[in-house]
Asker: 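Take a look at the following structure, please.
By convention in this document, chain letters (A, B, ...) are assigned in the order of the sequence lines, proteins followed by strands, and residues within each chain are numbered from 1.
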Number of protein chains: 2
Amino acid sequence: MGPRTANLLRDAGIQPSAQRVAVAAYVLETCDHPTADQVWARVRKSFPMISRATVYNTLNLFVKKGLLRQYTLADGKTVFDANVGRHHHFIDERTGRIYDLPWEALSVAKLDSLDGFEVREYHVVVRGRAKSAARRRA
Amino acid sequence: MGPRTANLLRDAGIQPSAQRVAVAAYVLETCDHPTADQVWARVRKSFPMISRATVYNTLNLFVKKGLLRQYTLADGKTVFDANVGRHHHFIDERTGRIYDLPWEALSVAKLDSLDGFEVREYHVVVRGRAKSAARRRA
DNA sequence: TTCAAGACCTAGACTTAATCTAAACGCAAT
DNA sequence: ATTGCGTTTAGATTAAGTCTAGGTCTTGAA
């Protein structure tokens, strides 16, 4: 973190306040898929006075500026993902944990034949169990 | 509805109380993807005394017994789907409306090569705009 | 028919995620 | 120092969902 993170925000057109840098330092670096409240809990460890509203506002701002993506994949929970490129998702049904799958790992055919639907984007959601190797990797 | 619906419940191992039949009559017949509160609002029109807890309990029971599936695809909203077979989903980004896509409409390749992940099920989530033809169809 | 037991339902309190609001803060430019 | 604007704060509010304690209905046996 530090000036690197601040420049990242500036480049995205965001004023790098102390609170925003603190949120960015965690959420843009992790490869977890935290919920807003998980981000709040985490950032408060190093920044105890930060309010919930600020964390929510900041996360939504990052999404609007393209630094984050927001998904609701399971349990009605909204999570954030610093991986903004195209990719698929794997959900471990035991733990609820979400893993990113590389875009090239899967391929979807016949999308063009979806009559009556104008496709802008798509991704595959896979459910099952992650073996220990994958758990370490993510 | 009527005796047909009651038998459907009995076949699934569910005591067909009046409330359960009322919920089933709507949610098992619609091809919408209603939230629990939308089901509650709808069923109350014909059954004003039904409580919110009963609707939630009933929907969860139907899911457990395999009559419904439960998805959280967008907006952090949990929706119910009477289509319990394999299928994909299309989400209209303007309206938030969800459409079922037939399983055969798409095909996913390379799933077996997901090293480190034990796949139990998967589906494709497509986003875009539904043209009027599709809107009528669903 | 009557009764007890168990299943089912109800209203409302509670929990949690998320947003909103109004006031306060902080900093840049004057 | 002062003004002004963007940012942050605490707490209220909304909404989705669950829980609880008690009430009602149904069923089956006496």
Side-chain angles (χ1 to χ4, degrees), chain A residues 5-6 9-10 12-27 33-44 46-65 67-81 96 98, chain B residues 3 5-6 9-10 12-27 33-65 67-81 96 98:
Chain A
T5 309
L9 297 187
R10 248 187 295 267
I14 297 172
Q15 282 289 339
S17 72
Q19 288 88 341
R20 286 169 177 173
V21 170
V23 171
Y26 168 55
V27 83
H33 295 71
T35 65
D37 266 19
Q38 283 167 350
V39 175
W40 186 41
R42 176 66 176 256
V43 171
R44 253 192 312 176
S46 58
F47 205 136
M49 298 311 298
I50 197 168
S51 93
R52 175 196 290 265
T54 298
V55 172
Y56 276 82
N57 289 339
T58 300
L59 290 171
N60 289 333
L61 180 64
F62 287 1
V63 169
K64 194 166 64 186
K65 295 297 189 176
L67 296 177
L68 277 183
R69 301 204 59 178
Q70 193 174 26
Y71 294 101
T72 62
L73 296 169
D75 303 324
K77 293 195 179 308
T78 298
V79 301
F80 295 88
D81 188 345
I98 297 166
Chain B
T5 308
L9 297 187
R10 248 185 295 270
I14 297 172
Q15 282 291 339
S17 71
Q19 288 88 341
R20 287 169 176 175
V21 170
V23 171
Y26 168 55
V27 82
H33 294 71
T35 65
D37 267 18
Q38 283 167 350
V39 174
W40 187 40
R42 175 66 176 258
V43 171
R44 254 192 311 176
K45 285 182 187 168
S46 59
F47 206 135
M49 298 310 299
I50 197 168
S51 92
R52 174 197 289 264
T54 299
V55 172
Y56 276 82
N57 289 339
T58 301
L59 290 171
N60 290 333
L61 179 65
F62 287 0
V63 169
K64 195 165 62 184
K65 294 296 190 180
L67 296 177
L68 277 182
R69 300 204 61 178
Q70 193 175 25
Y71 294 100
T72 63
L73 294 170
D75 303 324
K77 293 194 179 311
T78 298
V79 301
F80 295 88
D81 189 344
I98 297 166

Asker: Can any side-chain N or O of B:T54 pair as donor or acceptor with the backbone N or O of B:I50 at less than 3.5 Å?
Answerer: no
Asker: Centre of A:W40's six-membered ring, under 6.0 Å away, within 45 degrees of the axis: is that where NZ or CZ of A:R44 sits?
Answerer: yes
Asker: Looking only at heavy atoms, what is the nearest atom pair of B:P34 and B:V27, with distance?
Answerer: CG-CG2, 4.2 Å
Asker: Show me the side-chain donor-acceptor pairs of residues 73-80 of chain B shorter than 3.5 Å, one per line, residues at least two apart or across chains.
Answerer:
none

Asker: Could you check B:T58, B:I14, B:V23 and say which one makes a side-chain contact (heavy atoms from CB on, under 4.5 Å) with B:L9?
Answerer: B:I14
Asker: Nearest whole Å is fine: how far is C:dA18 P from A:L61 CG?
Answerer: 17 Å
Asker: Please answer whether the main-chain N or O of A:Q15 pairs with a side-chain N or O of A:R20 as donor and acceptor at a distance below 3.5 Å.
Answerer: yes
Asker: Identify the 5'-most and 3'-most nucleotides of DNA chain D with at least one atom closer than 4.0 Å to a non-hydrogen atom of chain A.
Answerer: D:dT7 to D:dA10
Asker: Restricting both atoms to N or O, compile the protein contacts to nucleotides 25-30 of chain C shorter than 3.5 Å, with distance only.
Answerer:
none

Asker: Nearest to the side chain of A:K77, which nucleotide is it out of C:dA18, C:dA17, C:dT10?
Answerer: C:dA17
Asker: Can you check the A:W40 CH2 to C:dT19 P distance for me, whole Å?
Answerer: 14 Å
Asker: Please tell me if the side chains of B:L61 and B:L67 come closer than 4.5 Å, counting only heavy atoms from C-beta onward.
Answerer: no
Asker: Measuring from A:N60:CG to A:K65:NZ, what's the distance to the nearest 0.5 Å?
Answerer: 13.0 Å
Asker: Can you name the atoms? Protein N/O to nucleotides 6-8 of chain C N/O, anything below 3.5 Å, with the distance.
Answerer:
from: C:dC8; atom 1: OP1; to: B:R20; atom 2: NH1; distance (Å): 3.1

Asker: Report the distance from atom OG1 of A:T35 to atom CD of A:Q70, rounding to the nearest 0.5 Å.
Answerer: 11.5 Å
Asker: Are side-chain heavy atoms of A:V21 and A:F47 found at a separation under 4.5 Å?
Answerer: no
Asker: Looking at every non-hydrogen atom in both residues, tell me the closest pair between A:H33 and A:Q38 and how far apart they are.
Answerer: O-OE1, 4.3 Å
Asker: What is the distance, rounded to the nearest whole Å, between atom CG of B:D75 and atom C1' of C:dT19?
Answerer: 14 Å
Asker: Is there side-chain contact between B:D81 and B:L68, with at least one heavy-atom pair below 4.5 Å?
Answerer: no
Asker: Roughly how far, to the nearest 0.5 Å, is the CZ atom of A:R42 from the CG atom of A:D37?
Answerer: 15.0 Å
Asker: Can you sort out which residues in residues 50-60 of chain A have a heavy atom within less than 4.0 Å of DNA chain C? Ascending by number, please.
Answerer: A:R52, A:A53, A:Y56, A:N60
Asker: When we call it a touch if two heavy atoms are under 4.0 Å apart, what does B:T35 touch: a base, just sugar-phosphate, or nothing?
Answerer: nothing
Asker: State, to the nearest 10°, the angle formed by the axis through the first five base pairs of the helix from C:dT1-D:dA30 to C:dT30-D:dA1 and the axis through its last five.
Answerer: 0°
Asker: Do the non-hydrogen side-chain atoms of B:I98 and B:Y71 ever get within less than 4.5 Å of each other?
Answerer: no
Asker: Determine the minimum heavy-atom distance between B:T5 and B:A24, stating which atoms define it.
Answerer: CG2-CB, 3.6 Å
